Enquirer: 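First the structure, which I've put down as structure tokens, then a few questions once you've had a look.
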Amino acid sequence: MKIATWNVNSIRTRLEHVINWLQANPVEVLCLQETKVIDKDFPLQPFLDIGYNCYISGQKSYNGVAILSRSPLGQVSAGFAPILGDETVGSFDEQKRLITGLIDDIRIICVYVPNGSEVGCDKYEYKLYWLKLLQQYLEVALDKSPNLCICGDFNIVPGDLDIYAPKASANSAGLSVPERLALKEIIELGLNDPFRKFTSEGGHYSWWDYRAASFPRNNGWRIDHHYLSLPLYEKATNCTIDVSPRKLVKPSDHAPVIVEF
DNA sequence: ATGGCAACACACTGTTGA
């Protein structure tokens, strides 16, 4: 089984790329982020036509997540509130950043972690609190599901090997100590990064800035990840970043990442 | 230090992204 994640930076703009990619790479599950479209305008039919069930949670202009799956998902829900309750979550589900469903006995969670903008600003504080909620959410989810795969755009560079210029970017959102600590605490719930099971060297990235010829220079960041509970991690046979869609005309700034088990 | 590129909306400029 292959489970892929891809921040598409607008599903309507990237529709042809995603359809073509799925036809060439018929993964069981594709998790999408930054769909940037309200649910009634999501282009469902092209995905139904090629055999994917669609589960979507979108909003106007920003954010938005979706899970596409060859077989129907069970127990689908969006946002933190179905697990954590309205009182804990407050207004944090207004931004559509999490959707989940069950395939076989595997809990799939698709996330778009906030960007954070600049260290110390309101959006950065929002990101840190959002990560706290995610941690609480995962504690419950892991308790219920021994087989769990969370994947998406984490907007955090886990280690200095995961970015082309760690020192120059050290003060950027995505690298700060509190963000990395928040991710570490999430991982320590019992999750594992399958990319690092198979690849120990640096130079492998999933996002490249549109500006300054970042992609041809491979000036990238590895911020799109899967995290697997131990039973799944042990079964993982491969985890790769497919850079080919990033080479197309009008690409997303992110590349898809695929785990196989 | 700054800007560069792309997508979107109460659109031709401002905001967001990472």
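So that the names make sense, note that chain A is the first sequence line, chain B the second, and so on, each numbered from 1. Note that the coordinates shown come from a computational prediction; the quantities given were computed from them, not determined experimentally.
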Enquirer: C149(A) versus H226(A): any side-chain heavy-atom pair under 4.5 Å?
Expert: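 Counting from C-beta outward, C149(A) and H226(A) do come under 4.5 Å.
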Enquirer: Between dA7(B) and dT2(B), how far is it from one C1' atom to the other, in whole Å?
Expert: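 After rounding to an integer number of Å, I get 22 Å for this pair.
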Enquirer: Mind checking the P distance from dA1(B) to dT16(B)? Whole angstroms is fine.
Expert: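 Straight-line distance between the two P atoms is 23 Å.
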Enquirer: Do any side-chain nitrogens or oxygens of K123(A) fall under 4.0 Å of OP1 or OP2 in dT16(B)?
Expert: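 Checking K123(A) against dT16(B): at least one side-chain N or O falls below 4.0 Å of OP1 or OP2.
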Enquirer: Report yes if at least one side-chain N or O of K250(A) is closer than 4.0 Å to OP1 or OP2 of dA7(B); otherwise report no.
Expert: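 It does, given that an N or O in the side chain of K250(A) lies less than 4.0 Å from OP1 or OP2 of dA7(B).
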Enquirer: Closest approach of L73(A) and Y55(A), non-hydrogen atoms and distance?
Expert: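 Answer, listing the atom of L73(A) first, then Y55(A): N-OH, 3.0 Å.
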Enquirer: Within less than 4.0 Å of OP1 or OP2 of dT16(B), is there a side-chain N or O belonging to S61(A)?
Expert: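 Answer is no, no contact under 4.0 Å.
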Enquirer: For K60(A) and dC10(B), is the shortest distance between a side-chain N/O and OP1 or OP2 below 4.0 Å?
Expert: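 It does, given that an N or O in the side chain of K60(A) lies less than 4.0 Å from OP1 or OP2 of dC10(B).
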Enquirer: Once you apply a heavy-atom cut-off of 4.0 Å, does F215(A) come out as touching a base, just sugar-phosphate, or nothing?
Expert: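 No contact at all - F215(A) keeps every heavy atom at 4.0 Å or more from the nucleic acid.
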Enquirer: What does N219(A) touch in the nucleic acid at a heavy-atom separation under 4.0 angstrom: a base, only the sugar-phosphate, or nothing?
Expert: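 Touches nothing.
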Enquirer: How many Å lie between CZ on R217(A) and C1' on dC5(B), as a whole number?
Expert: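 In whole Å, dC5(B) C1' lies 13 Å from R217(A) CZ.
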Enquirer: Would K36(A) and Y62(A) count as a cation-pi pair here, with the cationic atom under 6.0 angstrom from the ring centre and within 45° of the axis?
Expert: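 So K36(A) doesn't make the cation-pi contact.
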Enquirer: Relative to the 5' end of DNA chain B, which residue comes earlier, R211(A) or D153(A), by the nucleotide with the nearest heavy atom?
Expert: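 The residue whose closest nucleotide sits nearer the 5' end is R211(A).
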Enquirer: Check this for me: does any side-chain nitrogen of one of K123(A) and E118(A) sit under 4.0 Å from a carboxylate oxygen of the other?
Expert: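 Salt bridge absent between K123(A) and E118(A).
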Enquirer: For atom P, what is the distance between dA9(B) and dG4(B), given to the nearest Å?
Expert: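 My reading of the P atoms in dA9(B) and dG4(B) gives 24 Å.
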Enquirer: For dC5(B) versus dC10(B), give the span between their C1' atoms, rounded off to a whole number of Å.
Expert: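 Result for the C1' pair: 25 Å, nearest Å.
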Enquirer: Could you measure between the two C1' atoms, the one in dC8(B) and the one in dC12(B), and give it in whole Å?
Expert: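 It works out to 13 Å between them.
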Enquirer: DNA chain B: Y210(A) or S10(A), which has the more 5' nearest nucleotide?
Expert: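 The residue mapped nearer the 5' terminus is Y210(A).
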Enquirer: Does R70(A) qualify as a cation-pi partner of Y52(A), given the criterion of NZ or CZ under 6.0 Å from the six-membered ring centre and within 45 degrees of its axis?
Expert: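 Verdict for Y52(A): a cation-pi partner in R70(A).
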